Amino acid sequence: MAKRKIIIDTDPGQDDSVAILTALGSPEELDVLAVVSVAGNVPLWRTTENALKITDLAGRPEIPVYAGCARPMRRDPVTAEHVHGTTGINGVDLPAPSRPAESQHGVDYLIDTLRANDAGEITLCVLGPITNIAMAMVKAPDISAKITEIVWMAGAYFEVGNITPTAEFNVYVDPEAADVVVKSGVKLTMVPLDVTHRALATHEWLDKFRALGNRCGAAVADMLNFSERFDLGKYGWVGAPLHDPCVIAYLLKPEIFVARHINVEIELNGTYSTGMTVADWWGVSKRPANVTYVRDVDADAFFGLLTERVGRLP
Ligand code: BDR
Ligand code: CA
């Protein structure tokens, strides 16, 4: 597989953190240029600090972290401390970051970096509300032609919603940004709850992360142990869904996923359905396909990949 240059846009978050670690444990396939933070699970200052701490944990303090947008394009922020805890990465108590975030704004970093690279070089991995990418597209429409692909943990159709009965968190927080991106014409892969709800972090897998014997494996086990509390109470499954790492796993091993190229539109002003991803899985609307919509995963292959990659880290 040719090595892909990626930028991770994220709101860590325990599952975001596991995704970042998986990417950093995959240097043969992925060249992580930077991490850009966004307001989402917790406020921006915390997601930025968490991104710095997680890259430190992985022994990669040279990875630059840029702070992006502190709020959605048009709406007030919505956070999810009830799921992730007050820090966003409750379950671990990591040392203070070894360095500050970069001084440039995350949106300007995205614009400058995409402009400085040829078309087809950079893939954007988005693990939170897609505010930064939409803002970059609005500020500098020419960058859309430079993006190879956006792979975004977002949306739900068969599994409906997790923050409202009809909306998944990352879309619900900033539906206007989602609307800009799905209409941009950029190659977009969506990794929705429909697939992440099949990637359940069972206790067997948490034990395997801990048994790796490294500090990153222990941190993954501790973080997921905290975050499952909420999901198990809610769903009553054998393990909590592990959302964001599906994005990185999709880049590394697309063959373990099942997807279909379909039309997806964003509900902006529903009475009860704002932030819904209206996914035309059965092709009844005749609207043009704009999204590769991921629907299923081989969960054992997924967790096998994650444990292998986290096992390569300190
Ligand atoms: C998404 O919302 C966040 O809470 C998680 O980090 C994930 O990105 C799941 O709906
Ligand atoms: Ca996230």
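Order of listing sets the numbers, starting from 1, for every ligand and every atom in it. Only heavy atoms go into these numbers, but all of them, side chains included; no hydrogens, no water, no symmetry mates. What you see is a predicted model, and the numbers here were worked out from it, not measured in a lab.
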### Query
Can you list every salt bridge (charged side-chain N to carboxylate O under 4.0 Å, His left out) pair that touches residues 289-302, not counting sequence neighbours?
Arg198-Asp296
### Query
Parallel under 30°, tilted from 30 to 60°, perpendicular over 60°: which one fits the rings of Phe303 and Trp205?
parallel
Can you give me a line-by-line list of nitrogen or oxygen pairs between ligand 1 and the protein shorter than 3.5 Å?
| unit_1 | atom_1 | unit_2 | atom_2 | d |
| --- | --- | --- | --- | --- |
| ligand 1 | 4 (O) | Asn41 | OD1 | 2.7 |
| ligand 1 | 4 (O) | His84 | NE2 | 2.8 |
| ligand 1 | 6 (O) | Asp15 | OD1 | 2.6 |
| ligand 1 | 6 (O) | Asp15 | OD2 | 3.2 |
| ligand 1 | 6 (O) | Asp16 | OD1 | 3.0 |
| ligand 1 | 6 (O) | Asn41 | ND2 | 3.1 |
| ligand 1 | 6 (O) | Asp244 | OD2 | 3.1 |
| ligand 1 | 8 (O) | Leu127 | O | 3.0 |
| ligand 1 | 8 (O) | Asn170 | ND2 | 3.0 |
| ligand 1 | 8 (O) | Asp244 | OD1 | 2.7 |
| ligand 1 | 8 (O) | Asp244 | OD2 | 3.0 |
| ligand 1 | 10 (O) | Asn162 | ND2 | 2.8 |
| ligand 1 | 10 (O) | Glu168 | OE2 | 2.4 |

### Query
Side-chain donor-acceptor pair under 3.5 Å between Thr48 and Ser37, yes or no?
yes
### Query
Is there a donor-acceptor contact under 3.5 Å linking the side chains of Lys146 and Asn117?
no
### Residue pair Leu127 / Asp16: nearest heavy atoms and the distance that separates them
O-OD2, 3.1 Å
### Distance, nearest 0.5 Å, that separates CG of Asn225 from CD of Gln14
10.5 Å
#### Entry: Residues forming a salt bridge (Lys or Arg N to Asp or Glu O under 4.0 Å) with Arg210, sequence neighbours excluded
Asp222
### Summary
Protein N/O/S atoms closer than 3.0 Å to the Ca ion (ligand 2) number 5
### Query
Do Thr148 side-chain atoms and Ile122 backbone N/O form a donor-acceptor pair below 3.5 Å?
yes
### Task
Tell me yes or no: between the side chains of Arg60 and Thr55, is some donor less than 3.5 Å from an acceptor?
no
